[in-house]
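Working notes, beginning with the structure itself.
Positions are given from 1, in the same order as the sequence printed here.
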Amino acid sequence: MSLGQHLIELRKRLMISALGLVAGMVIAFFLAKPIIDLLTVPISVIAERTGKAVLNFDTVTGAFDLQIRIAFAVGLIISSPVWLSQIWLFIAPGMTRKETRYTVGFLGAAIPLFFAGTFAGWLIMPHIIELMSSFVPEGAANFFQYSYYYDFILKLLLVVGVAFVLPVFLVLLNVAGILSGMAILRGWRFAIIAITVFCALATPAADVISMFLLAIPMLGLYFAAVGIALLVDRRRARRAAAEFAAGAPA
């Protein structure tokens with residue numbers, strides 16, 4: 001294909017992706033209110049305990065703005081089969097069979113892990129909000145500004161989701177021959193410290209339960225990546241030995 005044909009193809013894929021996103025946003029807009037109700041469950045718990053907690057909309061268009069933000073985020077997820085397929089259809093023709101296999105394997109592992117990470121973030125999110133609200137002095141009230149509250153939850157879910165995908169990158173580096181399985185395993189002490197520090201930053205230091213709920217699956221994923229990398233190294237060594245034996249003079 002010429003450069004012009006590539007640009008026409010890119011425009012086509014972008015248009016289809018945009019239409020898919022708009023359709024997903026329309027569907028998600030009608031789901032926004034139940035989602036807001038779920039997001040504000042921790043605030044309701046705090047209000048029952050203290051009687052002084054409320055989600056605050058400080059502008060005339062604040063409530064509508066929150067629904068649009070949620071519609072975009074959820075619509076992006078709903079329409080993901082459309083725009084992911086369009087990305088794939090654009091890049092796949094230029095890939096070799098081996099590159100295609102690796103890409104499919106990477107996406108097949110990364111996407112479920114990302115959603116598993118966001119689900120883990122969703123589970124620990126109420127504990128974080130409720131614990132942080134417990135530091136509010138007696139006589140003061142909790143007014144959660146809507147944009148900050150939404151951004152806090154979104155960033156938490158994204159960070160934890162990306163963290164769950166990191167072991168896949170370790171396996172990818174191993175498959176590419178950049179890191180050996182033993183090299184990944186030798187860094188287990190650093191990995192434990194890094195995961196512990198990350199979980200301590202992602203969750204309040206006083207909330208030990210949330211910290212362990214997040215750290216245990218991340219450590220499990222790290223050691224699973226080590227196991228896969230060692231298996232890949234073993235197969236690579238066997239294949240190299242067989243090729244050497246086949247090419248050795250009789």
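- Within the 4.5 Å cutoff, side-chain heavy atoms of Leu157 are placed close to those of Ile153.
- Put simply, the side chain of Trp122 does not reach to within 4.5 Å of the side chain of Leu156, judged on heavy atoms.
- Hydrophobic side-chain contacts under 4.5 Å tie Phe29 into a cluster, directly or through other members, with Phe64, Ile68.
- Scanning both residues, Glu130 and Pro42, for their nearest heavy atoms gives OE2-CA, 4.2 Å.
- More than 12 non-hydrogen atoms from other residues, nucleotides or ligands lie less than 6.0 angstrom from CZ of Phe223.
- Other cluster members for Phe119: Leu123, joined by side-chain heavy-atom distances under 4.5 Å among Ile, Leu, Val, Met, Phe, Trp and Tyr.
- Within the 3.5 Å criterion, the main-chain N or O of Val226 finds no donor-acceptor partner in the side chain of Trp188.
- Among all heavy-atom pairs drawn from Gly62 and Phe57, the shortest one is C-CD2, 3.5 Å.
- With a 4.5 Å cut-off on side-chain heavy atoms, Tyr222 and Leu166 do not count as touching.
- The aromatic ring centroids of Phe169 and Phe106 lie less than 6.0 Å from each other.
- Here the side chains of Val160 and Thr118 are not in contact, with every heavy-atom distance at 4.5 Å or above.
- Residues Ile111 and Val165 have side chains not in contact (no heavy-atom distance under 4.5 Å, counting atoms from C-beta outward).
- When each of Leu170, Val168, Ile184, Val171 is tested with Ile228 by the rule side chain to side chain contact (heavy atoms under 4.5 Å, CB included), just one qualifies, namely Val171.
- Under a 4.0 Å N-O distance rule, the pair Asp65/Arg69 qualifies as a salt bridge.
- Scanning all heavy atoms of the two residues, the minimum distance from Thr59 to Tyr146 falls at OG1-OH, 4.3 Å.
- When the side chains of ILVMFWY residues are joined at heavy-atom separations under 4.5 Å, either directly or via intervening members, Val74 and Val41 end up in two distinct hydrophobic clusters.
- Nearest heavy-atom pair across Val54 and Phe143 is CG1-CD2, 3.2 Å.
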